[in-house]
There are 2 protein chains.
Amino acid sequence: MTGVRHASLTDVAELAGVSHMTVSRVINGTGPVRAETRARVLAAVEKLDYRPNSAARALVTGKTGNLGVVALDSTLYGPASTLYGIENAAREAGYSVTITSVSAPNRTSIADAIETLRRQAVEGIVVIAPHVATGKALAHMPSDVPLVAVGGGEHAPVPVSAVDQYDGARRVTEHLLALGHRTVWHVAGPADWLETRDRELAWRETLERHGAKVPRVVRGDWSSRSGYEAGRELAGQKGLTAVFVANDQMALGLLRAFSETGIAVPKDVHVAGFDDVPEAAYFSPPLTTVRQDFIEVGRRTFRQLAERIAGRQPQVRDLVPAELIVRESTGPR
Amino acid sequence: MTGVRHASLTDVAELAGVSHMTVSRVINGTGPVRAETRARVLAAVEKLDYRPNSAARALVTGKTGNLGVVALDSTLYGPASTLYGIENAAREAGYSVTITSVSAPNRTSIADAIETLRRQAVEGIVVIAPHVATGKALAHMPSDVPLVAVGGGEHAPVPVSAVDQYDGARRVTEHLLALGHRTVWHVAGPADWLETRDRELAWRETLERHGAKVPRVVRGDWSSRSGYEAGRELAGQKGLTAVFVANDQMALGLLRAFSETGIAVPKDVHVAGFDDVPEAAYFSPPLTTVRQDFIEVGRRTFRQLAERIAGRQPQVRDLVPAELIVRESTGPR
DNA sequence: AGAGGCAGTGTTAGCGATAACACTCACGGG
DNA sequence: CCCGTGAGTGTTATCGCTAACACTGCCTCT
């Protein structure tokens, strides 16, 4: 039952026959305590099932040991993995993580989420919301709480860690060109995502650098459904031999559309994705894609935030390299 | 910069020329305050950018407004969605959510996670970890903090909300039998998951009730890879015409294996999954599966926890119905 | 031998909020 | 006209902890 008040430092002190300060010193390892005294205190702690009151501690120290994460209310593989990466790193460092989700990535909801977290007295905030709007929203945020972003754009006003989108997209495009295609089509993500921009830019510049014609961009919204629609649209396209799809989910939809319209992959068309979701190796056919180490991103993000909390100014951009994973969808015909 | 101390109630009071209690009353809406006074106080609040100190408040009220969620360190669609469902419901009710992930669902790590959360002074805890071991672990947990589980088993010692696994599996099995199959094979999940047990039991009992022979169970681990292996294994099986796979990821792997071994779905074999991940409609072929409303599960889970926190004893098991989604993988041949 | 230092412990004063109660009026009823 | 009542406000105690400093011995150094 609830209602049995918790033991306090004073209760422990009384039972151990010492002052509450001595108990505090034992608990926190601050200051010297005789071994015998320490043992007595610990016995009392054990007996009373004492647990420090974090509110009282926070009140006097000004530190809560809490971090806030603003997360997209989504189960997209990337954001979800990043969240766990951050949580793991934070927990190892003794921080707890409070999560607030936003359904729409507009300025108001981000600001609300941050405000909510500040009211919770978090020591620092990570924003996972890789939209253009997010970057802009962050530019207007009050700066009295350390803030870092993940997956953000190059002009973000806060430190950012992310997988190197440009590099990944360049690699996959070059991989396709190296297979002998005259050009590579692109199914992009939503225009307001920063990752979309990076991937699209890399694709475009890589084509240009190789003297290839740059086809019009087909745009999706990351969902398989939109990939499917893009696939139906591209199916009628003459001269289509290679497609770089901006994420694996859309690539799945596109593969489905191609299959329905009698286009064989990889025989007729090569297809590559981005993300390397765990399922990508079991698509039909298994998908060539770009692997992102989201856990590492989470780790670095936490590290940057920790630096900020400690009062240092970390580097502003911290890129994790991407890895090209070649599978059958760009395999021998 | 950090370092500019936050304004306190007293600061606001001074600026507004009232006592700190009056400010407190304005902030919390407790007790009567003259309209003119309130306005003056609010102006001071605004001017000083005052934000209540949650630690001080928690210290004196004994309420932190914090809930803890023990989550599987996984990006599985179900657990991730449930997390967001809980977070949404909690936020609407004014609670914040602290998340702690566990990588292995054994008793020790669950106990550690709960201990961590208790140290954070959460008012209640939700455990998302639908393993047999979890249920057992919870049986031994100290009961002085309200605790509910999600996706748990029927013998769990705490309130539980979940999608009705049994019902969903029964429906999908009956759907397959109704298509004229003499029996239905089953690729099950890991034996230590509660959901695995429910789905498997429903499948078995449904077959028996219809007088169908019960084939041996092939077991996977939820991953596409394991589904693929199950598919390779089943491909050689004589008389195989229908397979119920315990989740969509494994079904994807199985479809891949069937495709490689020349088995046509749905022409030669019917396949159904479970979960209705957003991609399931774009598998090859689109997958018949069972939809689970994880958001609703999250909502109900929060509601149960709120009841517990309020000191009431909610019903012990709260089941959300499952929905059968029929697609081409069990379609006309 | 006296001063200084340090291990080991205690005392006191807040941190910033709410709870509980006290006080001052103005007003209405007997 | 006096008193009870309730609106509006203030005073004080307290939540559980840590910071800062004070105190007591005992040991070491000069």
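In this text the structure is predicted, and so the values were computed from the model without any measurement. Letters go in sequence order (proteins before strands), and every chain restarts at 1.
Atom-to-atom, CG of N53(B) to P of dC15(D) comes out at 18 Å; the value is rounded to the nearest Å. One atom, CZ of R119(A), and another, P of dG16(C), lie 17 Å apart when rounded to the nearest Å.
For residues 19-33 of chain A, there are no salt bridge (Lys or Arg N to Asp or Glu O under 4.0 Å) pairs, not counting sequence neighbours. Applying the ring-ring contact (aromatic ring centres under 6.0 Å, His included) test to residues at least two apart or on different chains, the pairs with a partner in residues 54-80 of chain B are Y77(B)-F294(B). Listed by first and then second residue, the side-chain hydrogen bond (donor to acceptor under 3.5 Å, both in side chains) pairs that reach into residues 94-105 of chain B are E87(A)-S101(B), R91(A)-S101(B), T98(A)-T98(B), Q120(A)-S96(B), N66(B)-S96(B), N66(B)-T98(B), sequence neighbours excluded. For the ring-ring contact (aromatic ring centres under 6.0 Å, His included) condition, no pair includes a residue of residues 9-67 of chain B, sequence neighbours left out.
In this structure, T22(A) reaches the sugar-phosphate backbone alone: every heavy-atom distance under 4.0 Å involves primed, P, OP1 or OP2 atoms, never a base.
Taking the salt bridge (Lys or Arg N to Asp or Glu O under 4.0 Å) definition, one finds that E14(A) meets it with nothing, sequence neighbours left out. Checked against salt bridge (Lys or Arg N to Asp or Glu O under 4.0 Å), D318(A) has the following partners two or more places apart in sequence or in another chain: R300(A). Residues that satisfy the salt bridge (Lys or Arg N to Asp or Glu O under 4.0 Å) test with E36(B), not counting sequence neighbours, are R34(B), R40(B). Considering only residues two or more places apart in sequence or on other chains, D49(A) meets the salt bridge (Lys or Arg N to Asp or Glu O under 4.0 Å) condition with R51(A). With sequence neighbours left out, the side-chain hydrogen bond (donor to acceptor under 3.5 Å, both in side chains) criterion links N106(B) to S109(B).
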message = Would V33(B) and V41(B) count as a side chain to side chain contact (heavy atoms under 4.5 Å, CB included) here? Give the steps.
response = CA-CA 10 Å; V33(B) 177; V41(B) 168; 5.9 Å; no

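With axes fitted over five pairs at each extremity, the angle between the ends of the helix from dA1(C)-dT30(D) to dG30(C)-dC1(D) is 50° (10° resolution).
Annotation: proximity of residues 31-48 of chain B to DNA chain D (heavy atom, distance under 4.0 Å) is found for P32(B), V33(B), R34(B), T37(B), numbered in ascending order.
The phosphate of dG10(D) has OP1 or OP2 within less than 4.0 Å of a side-chain N or O from S19(B).
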ask   = Which nucleotides of nucleotides 18-24 of chain D have their base under 4.0 Å from a protein heavy atom (B), which only their sugar-phosphate (S), and which neither (-), written as one string 5' to 3'?
value = BBB----

